Amino acid sequence: MVPSGKREGSFFDLVYQVARQIPEGRVTSYGAIASCLGTKLSARMVGWAMNGAHDQPEHVPAHRVVNRVGLLTGRHHFKTPTEMQDLLEKEGIKVEENKIVDFEKVFWDPAKSLL
DNA sequence: ACGCTGACTATTA
DNA sequence: CTAATAGCCAGCG
């Protein structure tokens, strides 16, 4: 089961802030964010944090966060499974079969922004 | 307080 | 190539 009404305590809040730093037309991976936070081994927590992002008062571009291969693994958690892909395509990101095309080209490194 | 689960990643077989 | 296993951390019952 997955916790829904949780409260941002620390790690989650960091994930949300990093996710908001993702520029349009760019995407990042859970591992990249986790690494940026220092918990690079806990990429799961990042994805889980996204679950709570849904509840955040601010818009968290969770649709710009995908797994390491650019696969839209989290699309199932959206209101609609097509919303994630639709949003990415609107930003100029090509998506095919739930996977980001040219993932390496649109990949955005969070650590780079915090540099 | 303990155990289970999970939108991941890397390694091994 | 695919399948299985281990590591990580935090919230809920």
Side-chain angles (χ1 to χ4, degrees):
Chain A
M1 42 257 305
V2 33
S4 303
K6 88 278 100 299
R7 275 279 157 219
E8 63 298 292
S10 32
F11 180 86
F12 285 52
D13 192 27
L14 291 172
V15 177
Y16 306 141
Q17 298 199 44
V18 173
R20 289 198 210 98
Q21 306 315 302
I22 305 176
E24 274 183 31
R26 291 278 198 262
V27 290
T28 189
S29 58
Y30 302 100
I33 296 174
S35 181
C36 181
L37 299 178
T39 55
K40 57 182 190 179
L41 296 182
S42 312
R44 297 185 183 183
M45 303 291 83
V46 179
W48 201 350
M50 290 283 104
N51 203 355
H54 196 32
D55 201 34
Q56 287 306 299
E58 294 202 43
H59 172 229
V60 180
H63 62 272
R64 290 183 191 148
V65 186
V66 295
N67 71 353
R68 69 159 181 109
V69 294
L71 201 63
L72 283 64
T73 44
R75 84 190 133 131
H76 287 275
H77 289 260
F78 279 76
K79 239 168 25 157
T80 57
T82 50
E83 184 171 305
M84 190 172 188
Q85 179 172 333
D86 186 45
L87 287 167
L88 289 171
E89 292 188 312
K90 280 185 178 197
E91 300 195 354
I93 299 173
K94 299 177 177 83
V95 180
E96 216 172 285
E97 299 294 297
N98 303 327
K99 191 184 136 205
I100 295 180
V101 182
D102 299 322
F103 176 59
E104 300 180 48
K105 301 183 184 186
V106 296
F107 180 74
W108 174 82
D109 191 336
K112 221 168 167 190
S113 175
L114 303 173
L115 222 74

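Values in this document were obtained by computation on a predicted structure and should not be read as measured data. By convention in this document, chain letters (A, B, ...) are assigned in the order of the sequence lines, proteins followed by strands, and residues within each chain are numbered from 1.
- For A/R75 and B/dA7, the shortest distance from a side-chain N or O to OP1 or OP2 is not below 4.0 Å.
- The distance from atom CZ of A/R68 to atom P of B/dA7 is 17 Å, rounded to the nearest whole Å.
- Picking from B/dT9, C/dC9, B/dG6 the nucleotide with the shortest atom distance to the side chain of A/A43 gives B/dT9.
- When the C1' atom of B/dG6 is taken as reference, atom CG of A/N67 falls 14 Å away, rounded to whole Å.
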Distance-only donor-acceptor hits, side chain of residues 93-102 of chain A, under 3.5 Å, sequence neighbours excluded:
residue, atom, partner, partner atom, Å
A/N98, OD1, A/R75, NH1, 3.2

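- At whole-Å resolution of the value, NZ in A/K99 and P in B/dA7 are 21 Å apart.
- Residues meeting the salt bridge (charged side-chain N to carboxylate O under 4.0 Å, His left out) test with A/K90, sequence neighbours left out: A/D86.
- Going from atom NE2 of A/H76 over to atom P of B/dC8 covers 11 Å, rounded to whole Å.
- The phosphate of B/dC8 (OP1 or OP2) has a side-chain N or O of A/T73 nearer than 4.0 angstrom.
- One P atom belongs to C/dC8, the other to B/dT12, and the distance between them is 16 Å to the nearest Å.
- Rounded to whole Å, the distance from CZ on A/F103 to C1' on B/dC8 is 12 Å.
- Among the atoms of the strands shown, none is found under 4.0 Å from any heavy atom of A/A49.
- Comparing atom distances between the A/L41 side chain and each of C/dC8, B/dA7, B/dT9 picks out C/dC8 as nearest.
- Between A/I100 atom CD1 and B/dA7 atom P there is a gap of 18 Å when expressed in whole angstrom units.
- Protein atom CE of A/M50 is 19 Å distant from nucleotide atom C1' of B/dT5, rounded to whole Å.
- Counting heavy atoms from C-beta outward, A/L71 and A/F103 have side chains that stay 4.5 Å or more apart.
- A pairwise comparison of heavy atoms in A/M50 and A/V60 identifies CE-CG1, 4.0 Å as the closest pair.
- To the nearest 0.5 Å, atom NE2 of residue A/H76 and atom CE of residue A/M84 are 10.5 Å apart.
- The side chain of A/M45 lies closest to B/dG6 when the candidates are C/dG11, B/dT9, B/dG6.
- As a whole-Å value, the separation of A/N51 CG from B/dT5 C1' is 12 Å.
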